[in-house]
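Owing to the predicted nature of the structure, the values given are computational and were not obtained by experimental measurement. By convention here, the first residue in the shown sequence is residue 1.
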Amino acid sequence: MTRHRTVLAVSRMLFLFAGAAPLAACGTNLKPHIERMEGRAVEVVTAGTGGPSVVFEAGFGNDWAPWDRVASEVALHARVFAYSRPGYGASDPTSTPRDAGHIVEELRALLRAGGHAPPYLLVGHSFGGTYMELFARLHPEEVSGLVLVDPRHADFSTACAEAHIDGCGIPDGAVKSLSRVEQDEYHQFPLTSGAIRAAGPFGSYPVRVLTATSHGLSQAGETLWVSMLASLASEAPDGRQVLFPGADHNLEHNHATEVAQAILALAAAAHD
């Protein structure tokens with residue numbers, strides 16, 4: 001393989017894990033502020049009124065900013081909360097493990113400290129979707145709805161390997177070039193599968209799995225991605241997969257209005 005093709009392949013793999021490029025550099029509609037959590041700074045965005053609070057979790061390698069367009073639309077009708085995980089954006093790093101369980105409990109503590117009472121409408125993209133899936137399974141009494149925006153299925157890499165599908169992970173050399181927090185999250189992500197199994201089933205809340213179909217994978221890889229997310233949606237008593245044919249992984253950026261509409265539909269249903 002030529003160097004050009006190798007770089008291209010690595011770029012596609014990183015794209016599959018990461019979300020949209022942070023929008024802070026080109027300006028945002030919502031304005032972040034700093035809150036203190038156990039002595040460290042956490043970058044937080046709050047806006048809007050009305051319940052339930054819509055809580056956003058970003059994808060791998062991102063601060064809160066890729067949610068700006070979606071959260072701005074949702075904030076016209078509901079209260080929104082977005083933040084940057086430790087080590088991203090203006091949030092201080094932390095020495096606690098970067099596995100999904102710790103990330104979920106840190107988010108819950110941050111919400112409580114900021115006066116955001118459950119139930120929450122949880123929204124997550126990519127890795128963030130998988131974190132929110134675990135949150136919803138662990139604490140169903142705190143959840144009014146769950147919107148997973150092209151989440152990375154916790155078992156996708158394993159399924160790729162078993163099906164002999166290439167390009168589903170990041171090469172070791174590329175991982176070493178990532179930031180420390182990105183490396184930590186990447187290496188801890190495989191633990192999420194066991195955590196989700198141990199957490200048990202979804203609750204009675206509605207689950208929507210918004211699914212892109214173009215990730216730079218082979219046809220077999222794309223088919224596997226879509227089918228695994230369909231299976232995930234079917235696990236919920238009120239689960240539904242919503243396909244975005246031809247769309248890439250960054251639905252929250254390139255299909256912001258449709259994502260906001262899916263969120264607001266569940267927010268409205270929570271009031272009925």
- Message: Quick one, T213 and F244 - any side-chain contact, counting heavy atoms below 4.5 Å?
- Response: no
- Item | Over all atoms of both residues, closest heavy-atom pair of G87 and V181 | O-CG1, 3.9 Å
- Query: Which heavy atom in A247 sits nearest to a heavy atom in A212, and how many Å separate them?
  - Reply: O-CB, 3.3 Å
- Check V209 against A233 and note the closest heavy-atom contact, atom names and distance. CG2-CB, 3.7 Å
- Message: Set out, in order, the CA-CA distance, both residues' side-chain angles and the distance that settles side chain to side chain contact (heavy atoms under 4.5 Å, CB included) for V54 and F81, then state yes or no.
- Response: CA-CA 6 Å; V54 181; F81 174 97; over 6 Å; no
- Item | Side chains of L30 and S72 in contact at under 4.5 Å (non-hydrogen atoms) | yes
- Would you name the heavy atoms of L266 and G145 that are closest together and state the gap between them? CD1-CA, 4.4 Å
- Message: For a 4.5 angstrom cut-off between non-hydrogen side-chain atoms, does M132 reach L134?
- Response: no
- Item | Minimal non-hydrogen separation, A256 against E252, with atom names | CB-O, 3.6 Å
- Task: Rounded to the nearest 0.5 Å, what's the gap from OG on S157 to CD1 on I165? Could you check?
- Result: 11.0 Å
- Query: Cluster question for you: counting only ILVMFWY and a side-chain heavy-atom cut-off of under 4.5 Å, with indirect links fine, are L210 and V226 together?
  - Reply: no
- Query: Do the side chain of E43 and the main chain of A90 share a donor and acceptor less than 3.5 angstrom apart?
  - Reply: yes
- Check: T96 main-chain N/O paired with T94 side-chain donor or acceptor under 3.5 Å: yes
- Query: Between D99 and Q188, is there a donor-acceptor pair closer than 3.5 Å when you use the side chain of the first and the backbone of the second?
  - Reply: no
- Task: Before accepting this row, confirm whether a basic side-chain N of the pair R40/E35 lies closer than 4.0 Å to the acidic partner's carboxylate O.
- Result: no
- Message: Checking the side chain of D63 only, and the main-chain atoms of Y88 only, is there a donor and an acceptor separated by less than 3.5 Å?
- Response: no
- Note on the structure: Residues joined to I34 in its hydrophobic cluster, side chain to side chain under 4.5 Å directly or through other members, sorted by chain and number, are none
- Message: For T211 and Q241, which I'm curious about, is there any donor-acceptor pair between the side chains at under 3.5 Å?
- Response: yes
- Message: Whether R69 and E73 form a salt bridge (side-chain N of Lys/Arg under 4.0 Å from carboxylate O of Asp/Glu) is what I want to check.
- Response: no
- Should we say atom CD of E105 is surrounded by more than 12 heavy atoms from elsewhere, each under 6.0 Å from it? yes
- Query: Quick one: does NZ or CZ of R152 land under 6.0 Å from the six-membered ring centre of F60, within 45 degrees of the ring axis?
  - Reply: no
- Do the rings of H249 and H125 sit parallel, tilted or perpendicular, given the 30° and 60° boundaries? tilted
- Determine yes or no for a side-chain-to-main-chain donor-acceptor pair under 3.5 angstrom, with S84 supplying the side chain and W64 the backbone. yes
- Message: For residues 59-109, which residue pairs pass the disulfide (SG to SG under 2.5 Å) check, not counting sequence neighbours?
- Response: none
- Does the side chain of S214 come under 3.5 Å of the side chain of E222 through a donor N or O and an acceptor N or O? no
- Applying ring-ring contact (aromatic ring centres under 6.0 Å, His included), which residue pairs with at least one partner in residues 36-59 are found, sequence neighbours left out? F56-W67
- Query: Are the side chain of D248 and the backbone of H215 linked by a donor-acceptor contact shorter than 3.5 Å?
  - Reply: no
- Message: Between T223 and Q219, is the side-chain hydrogen bond (donor to acceptor under 3.5 Å, both in side chains) condition met? List the steps.
- Response: CA-CA 6 Å; T223 299; Q219 185 56 57; 3.2 Å; yes
- Message: Quick check for you: to the nearest 0.5 Å, what is the distance between I196 atom CD1 and L191 atom CG?
- Response: 11.5 Å
- Any donor-acceptor N or O pair under 3.5 Å, side chains Y205, E141: no
- Message: Are K31 and V45 packed together at the side-chain level, in the sense that at least one heavy-atom pair is separated by less than 4.5 angstrom?
- Response: no
- Nearest-0.5 Å distance that lies between atom CD1 in I263 and atom NE2 in H77: 11.5 Å
- Message: Do E185 and F189 make a side-chain contact, defined as non-hydrogen atoms from C-beta onward lying under 4.5 Å apart?
- Response: no
- Message: Less than 4.0 angstrom from a charged side-chain N to a carboxylate O is my criterion; do R85 and E106 meet it?
- Response: no
- Item | pair V123-V55: side-chain heavy atoms closer than 4.5 Å | no
- R137 to P140 - nearest heavy-atom pair and separation: O-CD, 3.5 Å
- Note on the structure: One should read off an interatomic distance between L224 CG and E162 CD, to the nearest 0.5 angstrom, of 10.0 Å
- Are any of the side-chain nitrogens in R208 or D238 under 4.0 Å away from the carboxylate oxygens of its partner? yes
- Message: With side chain to side chain contact (heavy atoms under 4.5 Å, CB included) as the criterion, how do V42 and R36 come out once you've worked through the C-alpha distance, each side chain's angles and the decisive distance to 0.1 Å?
- Response: CA-CA 6 Å; V42 182; R36 308 300 299 185; over 6 Å; no
- Item | Step-by-step side-chain hydrogen bond (donor to acceptor under 3.5 Å, both in side chains) determination, T130 to H153 | CA-CA 7 Å; T130 314; H153 195 289; over 6 Å; no
- At what distance, to the nearest 0.5 angstrom, does OG of S177 lie from CD of Q183? 8.0 Å
- Item | Pairwise distance OH(Y83) to OG1(T46) - rounded to 0.5 angstrom | 15.0 Å
- Message: Are the side chains of L122 and E57 in contact, using a 4.5 Å heavy-atom criterion?
- Response: no
- Message: Please determine whether the number of non-hydrogen atoms from other residues, nucleotides or ligands lying under 6.0 Å from atom CZ of R180 exceeds 12.
- Response: no
- Does the distance from a Lys or Arg side-chain N to an Asp or Glu carboxylate O, for D172 and K176, drop under 4.0 Å? no
- Item | Any side-chain heavy-atom pair of F202 and L232 under 4.5 Å | yes
- Query: Just by modelled atom types, is the S231 backbone N or O under 3.5 Å from a matching donor or acceptor in the S234 side chain?
  - Reply: yes
- How about R240: does its CZ atom have over 12 heavy atoms from other parts shown lying under 6.0 Å from it? no
